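Keep in mind that this is a model prediction, so the values were computed, not measured. Just follow the structure's listing: the first ligand is 1, and inside any ligand the first atom is 1.
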Amino acid sequence: MRILVLEDDPDLGEALAEGLRQAGHAVDWFRDGTQADAALAGAPFDAMVLDLGLPGTDGMGWLRVWRGRGMALPVLILTARDGVEQRIAGLDAGADDYLVKPIAMDELAARLRALLRRSSGRAQALWTHGALQYDPSTKHVRWRGRPVELTGRETALLEVLLSHPQRVLSKPQLLEKLYDWSGSEPEGNALEVHVHHLRRKLDPGIVRTVRGVGYALGAAQDDR
Ligand code: CA
């Protein structure tokens with residue numbers, strides 16, 4: 001999933017970006033709200049980690065602006081230990097959850113998973129699709145009960161497809177979910193290669209090609 005992090009503290013921002021990337025997310029980290037605001041228009045984020053203490057317009061101010069504009073993105077706010085009133089105000093301003101600093105990366109990752117699960121309408125912690133079982137907390141994939149080794153990007157692609165089971169996703173949409181702006185540009189055929197590997201490792205029908213449009217989650221028959 002693609003996460004926007006807005007945190008002005010360089011050490012904490014770096015740690016958040018690094019930790020969330022290790023958890024398998026694409027992460028774009030911004031240190032001021034104006035940049036984050038511009039980024040929101042430019043990429044399909046799945047969740048935001050928002051520090052409230054920012055120079056200029058603070059996190060609360062930005063959250064009000066964004067919610068006022070109808071932004072539905074799940075937002076987790078970061079607050080100071082003694083900021084009870086701030087937390088309440090943050091939740092009232094449209095935050096979905098909060099964490100108190102200092103932050104444990106494991107807890108942040110778990111809370112983001114819960115937010116993403118809720119926003120995708122999945123109540124179950126373990127996702128199943130026919131013969132496929134996927135655990136977003138461990139990133140473990142099983143096909144007909146057998147563990148399957150996928151790379152980080154293959155797992156991320158599978159997760160995006162499972163998150164939108166009824167949709168056809170265009171190639172640019174999928175690439176934007178898999179690659180943040182920090183690294184090098186993906187190779188021209190990177191997506192096709194990941195799709196090829198998913199089909200080979202799982203089942204040829206797991207990813208459906210929709211000609212001229214993109215890809216969609218395919219049938220995962222367990223009766224063949
Ligand atoms: Ca701060």
Side-chain angles (χ1 to χ4, degrees), residues 1-120 136-137 139 152-153 156 159-160 163 175-185:
M1 300 288 151
R2 190 158 176 177
I3 315 278
L4 189 156
V5 173
L6 175 50
E7 166 60 69
D8 62 312
D9 181 277
D11 294 336
L12 182 54
E14 181 88 49
L16 288 169
E18 182 57 34
L20 290 172
R21 284 199 188 106
Q22 278 176 15
H25 300 293
V27 182
D28 294 284
W29 166 35
F30 301 97
R31 290 164 71 166
D32 83 70
T34 311
Q35 289 174 345
D37 187 45
L40 280 172
F45 292 101
D46 298 290
M48 183 190 300
V49 176
L50 174 64
D51 181 35
L52 291 185
L54 298 170
T57 304
D58 66 6
M60 198 92 73
W62 281 111
L63 186 55
R64 283 207 190 86
V65 168
W66 290 326
R67 288 299 189 222
R69 236 187 252 161
M71 181 191 79
L73 194 67
V75 174
L76 185 148
I77 53 175
L78 306 180
T79 73
R81 180 168 293 283
D82 54 0
V84 179
E85 285 173 21
Q86 215 189 14
R87 286 204 281 285
I88 294 168
L91 293 168
D92 283 342
D96 299 276
D97 198 1
Y98 67 86
L99 264 186
V100 177
K101 295 179 186 180
I103 287 141
M105 272 313 303
D106 287 356
E107 187 179 8
L108 175 61
R111 284 177 183 248
L112 284 174
R113 278 197 300 277
L115 282 187
L116 294 166
R117 198 161 67 224
R118 286 205 289 277
S119 71
S120 68
S137 66
K139 309 288 177 195
R153 300 266 196 229
E159 190 172 301
V160 173
S163 303
L175 285 170
E176 283 173 339
K177 293 284 191 193
L178 300 188
Y179 293 89
D180 55 44
W181 291 316
S182 69
S184 50
E185 284 277 298

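Judged by a 6.0 Å distance limit and a 45° cone about the ring axis, R2 is positioned over the six-membered ring of W181.
Under the 4.5 Å side-chain criterion, counting only non-hydrogen atoms from C-beta, D32 is not in contact with W62. The shortest side-chain heavy-atom distance between M60 and Q86 falls under the 4.5 Å cut-off. With contacts defined as side-chain heavy-atom distances shorter than 4.5 Å, the pair W29/E14 qualifies.
The Ca ion (ligand 1) has no N, O or S atom of L52 closer than 3.0 Å. When distances to the Ca ion (ligand 1) are checked against a cut-off of 3.0 Å, D51 contributes an N, O or S atom below that limit.
Per residue D8, closest N, O or S atom to the Ca ion (ligand 1): atom name OD1.
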